[in-house]
Amino acid sequence: MDLSQHLNETQVQAVEHTEGPSMVIAGAGSGKTRVLTFRIAYLIHKGISPFNILALTFTNKAAREMKDRIGDLVGETYSRNLWMGTFHSVFARILRIESELLGYPNNFTIYDTDDSKRVIKSMLKERLLDDKVYKPNLVLHRISMAKNNLLSPEAYLNNATIQKEDIQSKKPELGVLYKEYQKRLFRSGAMDFDDLLFNMNILLRDHDDILYKYQDKFRYILVDEYQDTNFSQYLIVKALSARFENICVVGDDAQSIYSFRGANIQNILNFQRDYDNVKVFKLEQNYRSTPQIVEAANSLIRQNVEQIKKDVYTQNPDGEKIKLTSAISDNEEAMNVAYSIFHLKNTKRAHNRDFAILYRTNAQSRAMEDALRKLNIPYVIYGGLSFYQRKEIKDLLAYFRLVVNTDDDDALKRIINYPARGIGATTMDKLNAQAASMDQSLWWLISQPGKLQSILGKATINRINGFVDMIETFQKLVESKDAYEVGRTIATTTGLLREMNNDKSVEGVSRYENLQELLNSMKDFVDSALEEDDISLPSYLQDIPLLTDQDDEEKNKKDSVNLMTIHASKGLEFPYVYVTGLEENLFPSMLSIGSRSELEEERRLFYVALTRAEKEVHLSFAQMRYKWGNLNASEPSRFLSEIDMQYVDNQTATSHIQAREPRNKPTEKSIKTDWKKKNLRPVRSASASKNEGTTTLAPGNTVRHERFGKGKILMIEGYPPNQKATVDFETAGRKQLLLKFARLDVIS
DNA sequence: GGTGTGTAGGTTTTT
DNA sequence: CCTACACACC
């Protein structure tokens, strides 16, 4: 294996240093994945069994890609036996094996955030707590933080500082809610995301033999994106690696962007204190981007105080300067981006998939989508609602969940009356109260004869029995049929598919298609399985809640422009990157400008955004942005003035960036009329100005297009050079044309 | 017990 | 702007 053929000197050293603790500080685009890949291949090459290697990544996608590449290097027979995946998925796998020690069933359900929120809501209702004080999101966040810091409900309640805090913030019941929440999940045989880490810790802490077993198993441990690990993850890694200390962590403190979910940047900053004789490798040569991008990113990140010193450089050839543009409104910003992509596709012969549009919040995707649709540019959105979070999908999955784990109360509540079976709110209230008083799951209560007579009427009991019978039939099916067959049977016999099919609205059709797509994916799961794979429904269901949009193969395959938040772009790279919405209170977010550390995290986020790009970065901001249907004035982001301007081609009036003084802010009304006026203003056509120099185009003009024929201009939008005309052609119909490309001759 | 309508409130970022 | 939930009616 000739490493030097594929790697630079530092990279080779990092790969070959296999024994003892090491840390690789990898600047953006410095070939971090390459090092990890070769390191694992190298270990296997040296004779280490893949069963003894644990590699923890940040996303499933990263794991899958790395596994594929390792497979190319050492053969698939080896790579498939690696323990490689996200923290959550690897530990879920271990917990399923060891679940009995913790009192959970091995087919425990994994609750996603949506499920957790439902549990919180129903608790608040039963306890008559005001959900405006105890906002479900806040309660959940609080519980999550506790778990990430390994605070059990008891410890939470006994901690004087925390109790004082909760009382001061007028939420004294938080600890009780935490305890109750945990009890409910346990009774339901369910773990939320944080439980997967929390329980893994408990498992290793309380069972020496198990700890020993996994320490012995995972003799070589690699952790990717170490800067984004939280305390809980940190402890697990520490425990597992304690015996052999063959641990290699890889990360970049400058790209730590997940503190809001408990990630602790100190984990990477302090790594050298946690182990003796840590070997540190710094990868500083960037292979991804042009010097302009690298230097601009460097100049930005220098503003941060907290960081490991490093000097990222590149030997790549010069590229374009970073382009900075301003737009009147968010919609215009989006149109500019779309036109620019349209233009670059032509001039650089780029593919749709070479482009990424990044933004700070998911809500910003809408304007971008509209703009891309107008120009017929195909796109995919990552993030927001993933496929598995759609209501119709969750409903069908809830049936699966209940069949696999009947104690799953949340699943039962979700579907016992969907489609409608005459088991309504009153009945459910009674059942809930009864089950809670006996500390049993709902299924326990309804599935055994004789337990309901005292609280419910005869007709209702019959309906409930019908439901129980149906679920039990499905359970029998699971024993003999594969996931797809069971899934299809459930979708049809429950009437779910029929219900969707009856709805002929656009949304209804799409819901029906989504269900079909889920069934297709189950078929695919069954068909593509290897001989020894488990193709049962429980097996199919296991990791579903841990999948995200990024794992959608279909999406990845398409040649489409990529839309996502900057967070979601972490670890990815694209030739052309648009970073949009660079405005104060949006990026940096309004909620983060209060403290230095949060502001630094926003800056790191911007750093991540810039360093995704290989060839070109386009930055933009809007002077007005819609928020909840209203236009609001906005100012350029402070981050723009922090980039060294020698790398930037500033196409905005300089006053926008340098002068912080708010200019005369136009009112909403004046902007609207102003905007309208500009739309209607006669404009010069690109061809006209070239050829005749004097002709102007305006709405109402009749024009001729060489392909579409005669037509009438309805509207002209945007600003030069990106003006667009909507033309109603006599034969070709209504078209939208870019004036700088379309050759229009004025007839009258 | 099911269904439709009005309105209040909500946006960081996600495994 | 959109969604989720409360309330009123069938």
Side-chain angles (χ1 to χ4, degrees), chain A residues 56-63 85-92 110-114 116-118 121 124-125 131-132 135-138 140-141 144 147-148 191-197 225 228-230 232-233 256-263 330-331 358-367 370 382-386 388-389 391 417-429 457 459-460 463 507 543-551 564-570 581 585-593 598 601-602 604-606 608-609 625-632:
Chain A
L56 298 167
T57 61
F58 200 70
T59 62
N60 295 298
K61 191 182 170 198
T86 62
F87 276 86
H88 294 268
S89 67
V90 168
F91 298 151
I110 298 172
Y111 277 13
D112 67 18
T113 313
D114 183 57
S116 298
K117 216 180 279 176
R118 287 167 54 98
K121 280 183 188 165
L124 293 174
K125 214 173 219 171
D131 64 359
K132 276 165 199 109
K135 291 187 179 147
N137 276 329
L138 182 137
L140 214 51
H141 183 250
S144 173
K147 286 184 187 172
N148 286 332
M191 297 190 199
D192 65 18
F193 289 141
D194 301 313
D195 285 333
L196 294 173
L197 306 176
E225 309 280 13
D228 281 320
T229 51
N230 63 32
S232 190
Q233 293 167 319
S256 163
I257 54 174
Y258 278 100
S259 73
F260 69 92
R261 94 180 186 207
D330 50 353
N331 290 323
L358 307 182
Y359 34 77
R360 176 68 239 265
T361 66
N362 280 306
Q364 289 165 254
S365 72
R366 182 169 299 273
D370 289 345
Y382 292 92
L385 270 197
S386 98
Y388 295 103
Q389 290 170 329
K391 186 184 172 300
N417 200 32
Y418 183 79
R421 308 189 167 85
I423 305 170
T426 327
T427 306
M428 286 314 291
D429 285 347
T460 315
R463 289 193 282 257
E507 297 83 11
D543 290 337
I544 296 274
L546 299 175
L547 296 179
T548 68
D549 253 20
Q550 305 268 347
D551 301 313
M564 66 190 85
T565 63
I566 301 166
H567 281 90
S569 76
K570 189 167 106 149
N585 297 327
L586 179 63
F587 193 14
S589 153
M590 190 174 7
L591 297 147
S592 67
I593 49 184
E598 283 179 275
E601 175 147 320
E602 295 280 311
R604 291 193 294 269
L605 193 57
F606 189 28
V608 168
R625 182 170 292 277
Y626 276 95
K627 194 180 180 187
W628 296 331
N630 292 323
L631 264 182
N632 294 90

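Order of the sequence lines fixes the chain letters, A, B, ..., with proteins taken first and strands second; residue numbering starts at 1 for each chain.
Between A:Ser232 and A:Asn148, the side chains place no donor N or O within less than 3.5 Å of an acceptor N or O (distance only, hydrogens not considered). Under 3.5 Å, the side chains of A:Thr113 and A:Ser116 contain no donor-acceptor pair of N or O atoms.
The residue A:Lys135 sits close only to the backbone: its heavy atoms come under 4.0 Å of sugar-phosphate atoms, none of a base. Here A:Thr426 lies in heavy-atom contact (under 4.0 Å) with sugar-phosphate atoms only. Among the protein residues, A:Asp112 comes within range of no part of the nucleic acid, since none of its heavy atoms lies under 4.0 Å from any strand. Looking at heavy-atom distances under 4.0 Å, A:Asn362 makes contact with sugar-phosphate atoms alone, never a base. A:Thr427 comes within contact range of the sugar-phosphate backbone alone, with a heavy-atom separation under 4.0 Å but no base atom that close. Residue contacts shown for A:Ile423 are limited to sugar-phosphate atoms, with no base heavy atom under 4.0 Å away. Across all strands, A:Phe87 comes closer than 4.0 Å to no nucleic acid atom at all (heavy-atom distances).
Atoms CG (A:Asp131) and C1' (C:dT3) sit 14 Å apart, rounded to a whole Å. Going from atom NZ of A:Lys117 over to atom C1' of C:dA4 covers 11 Å, rounded to whole Å.
Position along DNA chain B of the nearest nucleotide to A:Leu591 versus A:Phe58 favours A:Leu591 as the more 5'-ward residue. Two residues, A:Ser592 and A:Gly422, neighbour DNA chain B, and the one matched to the more 5' nucleotide by heavy-atom proximity is A:Gly422.
Reading DNA chain B from its 5' end, the first and the last nucleotide to sit under 4.0 Å from a heavy atom of chain A are B:dG1 to B:dT15.
Listed for the A:Glu602 side chain is a donor-acceptor partner under 3.5 Å among the backbone atoms of A:Ser589.
If you take atom P in B:dT13 and the same atom in C:dA4, they sit 15 Å apart, rounded to whole Å.
Taking the six-membered ring wherever Trp is involved, the centroid distance between the rings of A:Tyr258 and A:Phe58 falls below 6.0 Å.
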- request: Would you check, one step at a time, whether the test salt bridge (Lys or Arg N to Asp or Glu O under 4.0 Å) holds for A:Lys121 with A:Asp131?
  value: CA-CA 8 Å; A:Lys121 280 183 188 165; A:Asp131 64 359; over 6 Å; no
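Under the ring pair (Phe, Tyr, Trp, His ring centres under 6.0 Å) criterion, A:Tyr359 pairs with no residue, sequence neighbours left out.
When the shell of 6.0 Å around CZ of A:Arg366 is examined, it contains 12 or fewer heavy atoms from other residues, nucleotides or ligands.
Contact between the side-chain N/O atoms of A:Lys121 and the OP1/OP2 oxygens of C:dC5 is found at a separation under 4.0 Å.
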